[in-house]
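Just so you know, these numbers come straight off a predicted model, no measurement behind them. All chains are named by letter (A, B, ...) in the order of the sequence lines, taking the proteins before the strands, and each is independently numbered beginning at 1.
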Number of protein chains: 2
Amino acid sequence: MAKTSQAAGLHRASLAKLHELDTALELMYYGWRGMTLQADAYLAKQGLSRPHHRILYVVARRPDIAIGALIEILGISKQALNRPLNLLLERKLLTSKRAPEQHRSKLLRLTEAGRRIEQRASDHERQVLREAFARAGASGAAGWIGVMEAIADNN
Amino acid sequence: MAKTSQAAGLHRASLAKLHELDTALELMYYGWRGMTLQADAYLAKQGLSRPHHRILYVVARRPDIAIGALIEILGISKQALNRPLNLLLERKLLTSKRAPEQHRSKLLRLTEAGRRIEQRASDHERQVLREAFARAGASGAAGWIGVMEAIADNN
DNA sequence: CGCCTCATGTCAACTATGTTGACTTGAGAT
DNA sequence: ATCTCAAGTCAACATAGTTGACATGAGGCG
């Protein structure tokens, strides 16, 4: 614990609570930041950022995915995908090959280097979750999952 | 209960899981989106967006906050604060007045209109949380809080 | 009093991530 | 052959953030 700056904790405490659920709301905010902070720092060191990571994450779990399907999953426009995707191809973290007969679509795969970066970035995030689950115990983890599923349904 | 597009659920299911914690990782991602989606849509209708909401949220809970303290809490540079803040002032959602003797700092407050927008936007987020807690029950909620606190500590 | 310092705040230029709209290209159907 | 439509690219723009340079005004001090 406590490779932290203490700042978030202070900030969390520094606001009056106008509603009962304000605490939960702020936990969500700082939780999101807490999970992604180290991963983002790692990615920045590699000259990448969160959108690149999202692409790598999805392709890792769907080898030979076409660009259209990737767009669908990421929920962004194809134009928004274009630049980060091309960077990943240039940097040879991804390869694209035309499909055998379905010549229309490019199929994406991670290279070894891409896989390594995806794993390390995601590991930073999983490590945060792992520690939190360990601290909260099995019943806490189960409760967390139940609530998060309900929240995530609002998409 | 389904004012939703179903899409996120599908996306969540559509990726192979390479690690045990991938599910939790994706829950965090879609949870964050699920909580903010309706609030963002409401804000967009008002010609505002998330940074404006963050400012309103903090000022609501710290009336007469100075700009420096606001910067500290939001964790962004004063230059980044500048444009959204000026928009809020122009639109008369915030007022700023010079401090009595501490003439150096501007003290910020919400106007009635600002308060109304802050409440409605935050209500959208709290409503999502409220429903999720109701579905998960008291023990689930307690577990969620414990885990989120542990995650949020990584800031 | 006049000047120095320093926190507070502003302006300008840049980067990154996203948007929409218009265009190109190529497969598959007729 | 040609038409159509999905896949993909290019251009222009919006927003949210960055850093750097500068303005301003309070308070300390010669």
Taking atom C1' of dT19(D) as reference, at what distance in whole Å does atom CG of Leu81(B) sit? 16 Å
What is the separation between atom CD1 on Ile67(B) and atom P on dA23(D), rounded to the nearest whole Å? 19 Å
Would you kindly check whether a donor in the side chain of Gln79(B) faces an acceptor in the base of dG20(D), or vice versa, at under 3.5 angstrom? yes
Do Arg61(B) and Glu118(B) sit within salt-bridge range, that is, some charged N less than 4.0 Å from a carboxylate O? yes
Over all atoms of both residues, closest heavy-atom pair of Gly47(B) and Leu87(B): O-CD2, 4.3 Å
Any salt bridge (Lys or Arg N to Asp or Glu O under 4.0 Å) involving residues 48-57 of chain A? Give me the pairs, sequence neighbours left out, ordered by first then second residue. Asp40(A)-Arg50(A)
Nearest-angstrom distance from the residue atom CD1 of Ile71(B) to P of dT10(C): 9 Å
Could you tell me whether the phosphate oxygens of dT19(C), OP1 or OP2, come under 4.0 Å of any side-chain nitrogen or oxygen in Ser77(A)? yes
Return the value, rounded to whole Å, for the distance between atom CG of Asn86(B) and atom C1' of dT15(D). 15 Å
By nearest-nucleotide position on DNA chain D, the 5'-leaning member of Pro51(B) and Leu85(A) is Leu85(A)
Could you go through Leu88(B) and Leu108(B), starting from their C-alpha distance and side-chain angles, then the distance that decides it, and tell me whether this counts as side chain to side chain contact (heavy atoms under 4.5 Å, CB included)? CA-CA 11 Å; Leu88(B) 295 174; Leu108(B) 302 171; over 6 Å; no
May I have the distance from Leu70(B) (atom CG) to dT10(C) (atom P), rounded to whole angstrom? 12 Å
In whole Å, what is the span from the CZ atom of Arg33(B) to the P atom of dG18(C)? 11 Å
Taking dC11(C), dT19(C), dC10(D) as options, the one with an atom nearest any side-chain atom of Asn82(A) is dC10(D)
Exercise: do Gln127(B) and Arg130(B) side chains pair donor with acceptor under 3.5 Å: yes
Using atom CD of Glu72(B) as one end and atom P of dA7(C) as the other, report the distance to the nearest whole Å. 14 Å
Rounded distance (Å) that lies between atom C1' of dT20(C) and atom NZ of Lys78(A): 11 Å
Under-4.0 Å side-chain N/O to phosphate OP1/OP2 contact, Arg83(B) with dG9(C): no
Please tell me which of the listed nucleotides, dT19(C), dA16(D), dG17(D), lies nearest to the side chain of Ile76(B)? dG17(D)
Please check the phosphate of dG18(C) (OP1 and OP2 only) for any side-chain N or O of Arg54(A) closer than 4.0 Å. yes
